[in-house]
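Because only heavy atoms are used, hydrogens play no part in the values below, and waters and symmetry mates are left out as well, while side chains stay in.
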Amino acid sequence: MAFWQNIAVLPALTLAISPIGAQAQLSDAEQRAANSVETSFEADITLLETIVNINSGTRNAAGNQKVMAVLRPEFEALGFAVEYVDQTEFDRAGHFFAVHKGREDGKNILLIAHTDTVFEQDSGFQDFVRNGDKATGPGVVDDKGGIIVILSALKAMQVAGTLKAANIVVAITGDEEAVGRPIAGARADLIKWGKWADIALDFEGLSVQDGRDMGVVARRSSNSWQLVTRGKTGHSSGIFSANSGDGAIFEMTRILSRFRNELPEPNLTFNVGLLTGGAEAALDEQGLKASAAGKTNIIPAIAIARGDFRTLSDEQTDRIRKKMQAIVADHAPVTEAEITFSQGYPPMAPTDGNRALLVRLNDVNRDLGLAEQPELDPLKRGAGDVSFVARYVDALAGMGPGGQGSHADGETIDLLTIKRQAKRAALLIGRLAKD
């Protein structure tokens, strides 16, 4: 997961679970699936250690491909046909798709995860270290642990006999943390499978709030913007006059102030992340560093600001963009202002279909003896790959393991949540595949 907000992935508490033999609501096949997850646990951790110890920062194409090479025989052993989609033209590692064909009249189910992490080859945080039921490592939760949950669930379905009839595509991207550009090309294959699917399940980290596992039916978008204001330069003694105007920096601050006062509404956040201005100002090629020059007695000719805004629906995205454009167009005399936008991750809106899926997941929780998962506030979950397909299918996110510290040195997984999440996934997928 890229883009965690607020709670992101918090420490997951071990919940009381009825003994497997006492779960009267499980079918015989589901009982076998739950038992399989328990039996395969240590082997799952060994595989997790293997892939975590392979550096796969987003910019490390070879590392991501090596992780995918390790995963390939795991999926092929389950009867999946594996395809690797090269992404060299987008300066990224590529994507891994594993396809399992079941009943022609069954539901089509898309499972989503990613191999890449925020920890590049020059990071000092590189190794998997286990300490009892916890482990640390780069991407151990986000999202290599999610891949392990998928595999554990699918192996359990194979043991139970419920995999054979299931139509499943597992989509594992190699650039979730920093998607390739242009996005339309970098996500074309994922979107293709999203249009094929009836249901999508995203295996980024489990959200936990106040000790309770939460259900994620929505994720907000991630959009960036850049604002450039220009003024008429000259001696500072003439500022605010009809001839000289306010200059670029005062006009920039006036527009940003209007954003702050006029944009706020439910489920929206917006931010200014970089600001520069003066007689001269410029950004580097990536737009991450700024340079400026000027004097106190010169009216500034240019100001540049970059920021983001996050929304819960396409409608909200379009409306906020238009409001920002209208504010910018109403610039002061003797100034110019222009705003441009770049959409990163679209929103995953909280639809009726998504909520119906959460009901199905809570049926599974009941039958496993687990507590119900309430709906998570979407403000507490950032954007992710599932958002690219959510407009086409019913979807749930947060199906991966629990832990803490994603994107930071010391990222930690609660290993026992792999069992809990794999059981949930195996039963949910098995039931959905029969619909």
Side-chain angles (χ1 to χ4, degrees), residues 1-2 9 40-78 80 82-88 90-98 111-131 134-155 170-180 186 190 202-205 384-385 400-401 403-415 417-418 421-422:
M1 164 18 271
V9 183
S40 69
F41 178 66
E42 288 300 328
D44 292 339
I45 304 309
T46 298
L47 180 58
L48 176 62
E49 179 176 8
T50 298
I51 61 176
V52 168
N53 281 334
I54 300 170
N55 179 276
S56 57
T58 305
R59 301 291 179 175
N60 183 2
N64 278 280
Q65 291 162 5
K66 188 174 180 180
V67 173
M68 292 176 186
V70 171
L71 296 174
R72 185 180 193 117
E74 299 288 335
F75 284 96
E76 288 178 338
L78 295 170
F80 284 75
V82 175
E83 176 188 11
Y84 171 76
V85 177
D86 183 74
Q87 294 279 287
T88 302
F90 306 111
D91 192 29
R92 291 296 187 270
H95 305 318
F96 175 106
F97 295 94
L111 313 181
I112 302 173
H114 62 92
T115 57
D116 67 312
T117 77
V118 300
F119 303 97
E120 299 293 346
Q121 290 174 286
D122 59 355
S123 169
F125 184 49
Q126 295 289 346
D127 301 321
F128 179 96
V129 178
R130 183 172 181 179
N131 183 14
K134 307 282 187 181
T136 60
V140 71
V141 174
D142 186 15
D143 186 33
K144 293 178 178 180
I147 295 171
I148 297 301
V149 170
I150 290 174
L151 276 169
S152 180
L154 294 177
K155 290 174 184 178
V170 181
I172 301 178
T173 62
D175 62 344
E176 194 272 349
E177 302 293 359
V179 63
L190 178 63
D202 164 57
F203 284 81
E204 286 201 295
D385 272 341
Q404 62 183 359
S406 293
H407 289 201
D409 289 3
E411 179 176 338
T412 301
I413 186 173
D414 179 347
L415 295 170
T417 62
I418 291 176
Q421 293 294 79

Of all the heavy-atom pairs spanning Thr117 and Gly139, show the shortest one and how long it is.
CG2-CA, 3.7 Å
Please determine if Asp116 and Arg92 form a salt bridge, counting it only when a charged side-chain N lies under 4.0 Å from a carboxylate O.
no
From Thr115 OG1 over to Asp175 CG, what is the distance, rounded to the nearest 0.5 angstrom?
8.5 Å
Could you check whether any side-chain heavy atom of Asp385 comes within less than 4.5 Å of a side-chain heavy atom of Asp202, counting everything from C-beta outward?
no
Within the distance-only criterion (no hydrogens, no angle test), does the side chain of Gln421 pair as donor or acceptor with the backbone N or O of Gly400 below 3.5 angstrom?
yes
Knowing that exactly one of Leu71, Val170, Leu111 qualifies, which makes a side chain to side chain contact (heavy atoms under 4.5 Å, CB included) with Ile147?
Leu71
Shortest non-hydrogen contact from Ala135 to Val140?
O-CG1, 4.0 Å
Report the C-alpha separation of Thr173 and Gln87 in whole Å, then their side-chain angles, then the decisive distance to 0.1 Å, and conclude whether the side-chain contact (heavy atoms from CB on, under 4.5 Å) test is met.
CA-CA 10 Å; Thr173 62; Gln87 294 279 287; over 6 Å; no
Can you tell me how far CZ of Phe97 sits from CE of Met68, rounded to the nearest 0.5 angstrom?
9.0 Å
Does any N or O in the side chain of Gln65 come within less than 3.5 Å of the main-chain N or O of Ala93, such that one atom is a donor and the other an acceptor?
yes
Side-chain contact, heavy-atom cut-off 4.5 Å: Thr58 with Val179?
no
Whether Arg59 side chain and Glu120 backbone form a donor-acceptor pair below 3.5 Å:
no
Flag side-chain contact, heavy atom, 4.5 Å: Phe128 against Ile45:
yes
Measuring only between side-chain heavy atoms, which start at C-beta, is Thr136 closer than 4.5 Å to Asp409?
no
Is any side-chain heavy atom of Val85 less than 4.5 Å from a side-chain heavy atom of Glu83?
yes
Determine, step by step, whether Arg72 and Phe96 satisfy the side-chain contact (heavy atoms from CB on, under 4.5 Å) criterion, reporting the C-alpha distance in whole Å, the side-chain angles of both residues, the deciding distance to 0.1 Å, and the verdict.
CA-CA 9 Å; Arg72 185 180 193 117; Phe96 175 106; 4.1 Å; yes
Any side-chain donor-acceptor pair under 3.5 Å between Ser56 and Lys144?
yes
Nearest heavy-atom neighbours spanning Gly63 and Ile54:
O-CG2, 3.6 Å
How long is the straight-line distance from CD of Glu74 back to CG of Leu151, given to the nearest 0.5 Å?
6.0 Å
With distance as the sole criterion, is a donor-acceptor pair present between the side chains of Gln126 and Asn55 under 3.5 Å?
yes
Charged N to carboxylate O below 4.0 Å: is that the case for Glu411 and Lys134?
no
What is the minimum heavy-atom distance between Ala153 and Ala422, and which atoms define it?
CB-O, 3.6 Å
Treating Thr417 as the side-chain partner and Asp414 as the backbone partner, does any N or O pair qualify as donor plus acceptor under 3.5 Å?
yes
Asp122 CG to Asn60 CG distance, which is reported to the nearest 0.5 Å:
10.5 Å
Interatomic spacing from CD in Gln404 to OG1 in Thr412 - rounded to 0.5 Å
5.0 Å
With rounding to the nearest 0.5 Å, note down the distance linking CG in Asn64 to NE2 in His95.
10.5 Å
Partner set under ring pair (Phe, Tyr, Trp, His ring centres under 6.0 Å) for Tyr84, not counting sequence neighbours:
none
For Phe41 and Leu415 the tightest heavy-atom approach is CE1-O, 3.3 Å
Can you name the closest pair of heavy atoms from Ile413 and Gly145 and give their distance?
CD1-CA, 4.4 Å
A side-chain contact here means heavy atoms from C-beta on lying under 4.5 Å apart; do Ile172 and Phe75 qualify?
yes
